[in-house]
Amino acid sequence: MPVHLPIGFEKDINGLVDLVEMKAYTYGDYTDKELVEGEIPADMLEKATNARALLVEAAVEAEDALLDKFFEGGVDAISKEELKRGLRQRVLAGDFFLVSGGDGRGVVVEKLLDIMTDYLPSPLDVDAIWGKNPKTGDEISRKPDDSEPMTALAFKIATDPFVGKLIFVRVYSGVLTAGSYVVNTTTGEKERIGRIVRMHADKREEIDKVTAGDIAAVVGLKNTYTGNTLADPAHLIALESITFPDPPVSIAVEPKTKADQEKMGIALQRLAEEDPTFRIHTDEETGQTIMSGMGELHLDILIDRMKREFNVEANIGEPQVAFRESIKGTSEVQGKHAKQSGGRGQYGDVWVKFEPNEPGKGFEFLDVIKGGVVPQEYRKPVEAGIRETLEGGVIAGYPVVDVKATLYDGSYHDVDSSELAFKLAGALATREGIRAAKPILLEPVMKVEATTPEEFMGDVIGDLNARRGRIDSMEDLLGGAKLIRAFVPLSSMFGYTGDLRSMSQGRAASTMELAQYEEVPPNVAQEIIEKRSSK
């Protein structure tokens with residue numbers, strides 16, 4: 001339900017109509033510090049009146065008394081205060097969503113903050129939060145009350161040039177006090193709350209405590225990260241953490257000079273602490289530092305921040321896609337490692353069945369051996385050998401996922417068998433078993449949403465099709481714009497933002513997020529395997 005209507009369209013937007021107040025709020029320039037209140041433009045009056053009537057009809061359903069008043073006197077019988085009350089009740093009930101229209105420039109954001117204040121729930125409007133006892137697993141609730149035991153969630157990390165690492169926390173219950181001790185129930189470690197600051201954009205206000213429902217930043221926590229729960233040591237609780245998808249895009253990064261080398265390590269570590277969707281690791285084969293993120297733009301911004309905030313100059317490699325390997329068929333293979341070279345030998349022999357696992361379930365190891373054909377102490381090393389081989393890939397060097405391995409038979413030697421021999425036997429079985437079970441390559445497929453004026457729609461769709469995309473749906477938007485939803489392999493999306501701007505005179509925009517992993521077509525898979533082999 002719109003509660004605001006934009007005045008103007010695209011680059012010409014200069015304000016909005018508030019349908020509750022039935023007033024226009026405009027500004028002349030991006031740098032303006034105040035909105036100008038005025039009458040609704042004549043060409044928008046009818047549209048605004050109709051939209052307000054729909055808003056009133058929806059709001060009065062919140063209360064029988066309001067509904068009766070509406071039936072007796074119509075739209076004009078409902079006052080602004082009653083309209084706000086009805087809208088708030090229906091928003092809190094989750095019956096509908098209020099929509100604001102405008103742009104993100106300057107002072108107009110005041111109107112967005114107003115509807116957040118007027119209609120969104122305060123902590124007291126929300127039910128008690130539920131978590132689990134980290135020791136017993138029992139469910140526990142916490143009410144948004146200062147008298148309850150302290151429970152807080154760390155939801156953001158930022159680096160401040162003056163005070164160091166800031167951990168933003170939201171206190172769900174109780175009171176968080178400066179100088180007190182808390183337990184990070186995610187890691188089990190005890191932490192001391194140093195200073196507490198309330199943030200006002202780029203300014204900080206030091207405070208002694210944070211009460212239930214409030215947000216503040218804490219200085220002094222050493223091992224607390226995004227998604228961790230902080231709790232009263234006498235009343236432990238672990239709240240639901242925040243889950244982040246694995247980053248699908250990687251680039252190689254190296255310092256330009258010797259002086260940049262040490263600074264780059266510090267910069268990457270700080271950025272990784274702040275952003276849980278950003279990962280860094282060293283490629284063991286090449287020795288390169290690999291940055292992984294959620295997309296090309298994400299990594300571009302991180303590289304720019306490295307340069308601006310940490311004065312690190314770096315050379316960047318081409319983006320790489322995080323492919324995966326899996327299997328479509330089933331195989332039963334023997335892995336036998338037998339070596340005799342004077343003295344004690346090496347002997348390990350296993351039979352393993354490999355089959356596809358449910359998508360997203362990862363690797364699963366089952367031990368169904370009955371009796372002592374493979375002694376118990378050698379079965380864990382078999383699993384370790386299988387896991388390590390799967391992580392290193394079999395057909396193209398990418399991790400193998402969604403595979404179930406069942407150890408069902410084997411043999412051993414009283415003298416020559418060892419944990420290492422059975423680990424190597426598990427690795428041999430994996431290499432042979434995966435190759436025999438119809439191996440496939442999986443690629444990350446992105447959910448892409450492109451908004452474009454109608455005259456460029458054909459070009460945009462044609463381009464997505466050329467990138468191996470599947471068009472999912474199309475929608476009409478206000479002002480003749482079109483919304484195109486598609487699923488496109490990530491490997492085809494590098495440079496898309498620039499190409500989209502070029503084909504639409506800069507008027508189209510797009511967003512994308514990881515949807516799922518899907519099988520790579522055989523001809524494309526062959527190219528990827530050959531390219532990896534040549535390296």
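Residues Thr159 and Arg270 have side chains that never bring a donor and an acceptor to within less than 3.5 angstrom of each other.
A salt bridge links Arg85 to Glu63: one of the charged nitrogens lies within less than 4.0 Å of a carboxylate oxygen. Under 4.0 Å is where a charged nitrogen must lie from a carboxylate oxygen, and between Lys380 and Glu383 at least one such pair does. Using a cut-off of 4.0 Å between Lys/Arg side-chain N and Asp/Glu carboxylate O, Asp95 and Arg90 are scored as salt-bridged. Salt-bridge annotation for Glu21 and Lys111: absent, with no side-chain N of the basic residue lying under 4.0 Å from a carboxylate O of the acidic one. Using a 4.0 Å cut-off between charged nitrogen and carboxylate oxygen, Glu189 and Lys222 do not count as a salt-bridge pair. Taking 4.0 Å as the cut-off between side-chain N and carboxylate O, Arg387 and Glu391 do not count as a salt-bridged pair.
Atom CZ of Phe155 sits in a crowded spot, with more than 12 heavy atoms from other residues, nucleotides or ligands closer than 6.0 Å. At most 12 non-hydrogen atoms from other residues, nucleotides or ligands lie less than 6.0 angstrom from CG of Asp64.
For the pair Arg170 and Phe168, the cation does not sit on the ring face, since its NZ or CZ is not both under 6.0 Å from the ring centre and inside 45° of the axis.
Shown here for Lys353 and Tyr408, the closest heavy-atom pair between the two residues is N-CE2, 3.7 Å.
Using a 30° and 60° split on the angle between ring planes, Phe422 and Tyr378 fall in the parallel class, below 30°.
In this structure, the side chains of Ile440 and Ser326 come closer than 4.5 Å at one or more pairs of heavy atoms.
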